[in-house]
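Following: one structure in structure tokens, then a few remarks.
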Amino acid sequence: MKTQVAIVGAGPAGLFLALLLHQAGIDCVVLERRDRAYVEGRVRAGVLEQVTVDLMARLGLDARLRREGLTHGGTNIVSDGELFHVDMAELTGGRAVTVYGQQEVMKDLFDAAEQRGLRIVFEAEDVALHELRGSAAAVGWRKGGAEHRLACDFIAGCDGFHGVSRRAIPAEILRTFERVYPFGWLGVLADVPPCAEELIYCNHARGFALASMRSPTRSRYYIQCALDEPLEAWPDERFWDEVCLRLGPEAGANVVRGPAFEKSIAPLRSFVTEPMRYGRLFLAGDAAHIVPPTGAKGLNLAASDVIMLNEALCEFYETGSERGLDGYSQRALARVWKAERFSWWFTSLTHRFPQMDAFDRRIQTAELAYIRSSSTAQAAFAENYVGLPLE
Ligand code: APR
Ligand code: PHB
């Protein structure tokens, strides 16, 4: 078996890249460890930057997104019970984000991949990367007891944080940068109408809370919690009580309670690996970097990485020039680090840290008060939240 680009992982990064390459007439094969139902079923964030919406449109995948996606030109911030609105559209010359769950994005991507005849190998076990510095690379895997091998020009490592691609880069070449946060997010999905038209990010003395949504009838809520907290400690009523308390009287009064059909605790991490290229291997998405979910940048960074990688691969196949490929890591990392900075900053501003003292707490509330009172500060927040341009 032979292809031009072997893609490891069928998450958003892998599938966006596969569809872009296919559109450009470049042959690729996607190798995914799990099955479609598993990948599609994972509950993740749901805020798309314009960059990601434009990518869906460019791939001809935006019909349902335009019908069902919710355009948000603003967002809300609550500091100790007091809510203020940030008019992002007004502050950024009309830019906005679109609320559309990652599960919906995945469904659209898999449907298109199937319709367009893309080759995806599901349940590929023990994927291994070979000859990354050779004149041609190869990927091996096992399926149904048989060994397979695929020769290729390049490998795109789109296999997420726990994948094999990043680990195929020799340790002496790889540099990693990391912050692990000493808390998690307890998230709940419920079929109840959202408590507000736009999202609410909330800093409360008891910890962060976020009111988000998937549709006019489906809500997504999160509260900061201890990482080792058992889920059984959070029956629905306790969760709703805590959400209402943290959101404060104004927003909390509008919370509609209902049975949670999904409840889980996720850790928070900032992580970047450099470089994002080793020989014929190019990393994209969570395989190369993780952001904490505050700000919802994870999926959007996966999208911008593969837009850049696709450009570089197209340039190579059209002209033979390796300039784009050589510049990929630096170009992608420049945008990644800005999103890392924003996600880290927004997390630091809105969460309770164990070592925080009264001084740190006053600094947090003073910064939130400053943002509330300054359109310049709000503009800086809005510009990052809606997504920085691709450079
Ligand atoms: N072999 C093949 N596939 C693998 C392997 C492996 N060894 N390891 C992991 N995978 C697959 C996973 O099963 C998953 O489907 O790679 C895919 C990686 O997908 P994501 O983790 O979603 O990463 P990415 O595509 O970069 O998307 C990043 O989406 O999932 C969110 O939080 C994430 O928002 C972020 C964005
Ligand atoms: C979500 O709806 O799941 C969501 C929204 C915004 C975030 C994180 C998660 O910042």
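In listed order, ligands and their atoms are each counted from 1.
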Ligand 2 atoms nearer than 4.0 angstrom to some heavy atom of Arg214 are 1 (C), 2 (O), 3 (O)
Just to confirm my output: which protein heavy-atom neighbour is closest to atom 8 (C) of ligand 2, and how far is it? Pro293 O, 3.3 Å
Whether the side chain of Asp286 engages the backbone of Gly298 through a donor-acceptor N/O pair (distance < 3.5 Å, no angle test) should be reported. no
Among all the protein's non-hydrogen atoms, which is closest to atom 3 (O) of ligand 2, and how far away is it? Tyr222 OH, 2.5 Å
Can the ring centroids of Phe208 and Tyr222 be said to lie less than 6.0 angstrom from one another? no
One line per pair, note the atom names and distance for all nitrogen or oxygen contacts under 3.5 Å between ligand 1 and the protein.
unit_1	atom_1	unit_2	atom_2	d
ligand 1	3 (N)	Arg33	N	3.2
ligand 1	13 (O)	Glu32	OE2	2.6
ligand 1	15 (O)	Glu32	OE1	2.7
ligand 1	15 (O)	Glu32	OE2	3.3
ligand 1	15 (O)	Arg42	NH2	3.2
ligand 1	25 (O)	Pro12	N	3.2
ligand 1	25 (O)	Ala13	N	2.9
ligand 1	26 (O)	Asp286	N	2.8
ligand 1	29 (O)	Gln102	OE1	3.4
ligand 1	29 (O)	Gln102	NE2	3.1
ligand 1	30 (O)	Arg44	NH1	2.0
ligand 1	30 (O)	Gln102	NE2	3.1
ligand 1	32 (O)	Arg44	NH1	3.4
ligand 1	32 (O)	Asp286	OD2	3.4
ligand 1	34 (O)	Leu299	N	3.0

Looking only at protein heavy atoms, identify the closest one to atom 5 (C) of ligand 2 and say how far it is in Å. Ser212 OG, 3.5 Å
Would you say Thr273 and Arg166 are linked by a side-chain donor-acceptor pair, where the criterion is simply a distance under 3.5 Å? no
Parallel under 30°, tilted from 30 to 60°, perpendicular over 60°: which one fits the rings of Phe381 and Phe346? perpendicular
Among all the protein's non-hydrogen atoms, which is closest to atom 7 (C) of ligand 2, and how far away is it? Tyr201 OH, 3.4 Å
Between ligand 2 and Leu210, is the shortest N or O to N or O distance under 3.5 Å? no
Do any nitrogen or oxygen atoms of Tyr385 come within less than 3.5 Å of a nitrogen or oxygen of ligand 2? no
By number and element, which atoms of ligand 2 are closer than 4.0 Å to a non-hydrogen atom of Ala296? 6 (C), 7 (C), 10 (O)
Tell me if the aromatic rings of Phe183 and His351 count as close, with their centers under 6.0 Å from one another. yes
With a 4.0 Å cut-off, would you call Arg119 and Asp27 a salt bridge? yes
Heavy-atom distances under 4.0 Å are what count here, so tell me which part of Val99 touches ligand 2: side chain, backbone, both or neither. neither
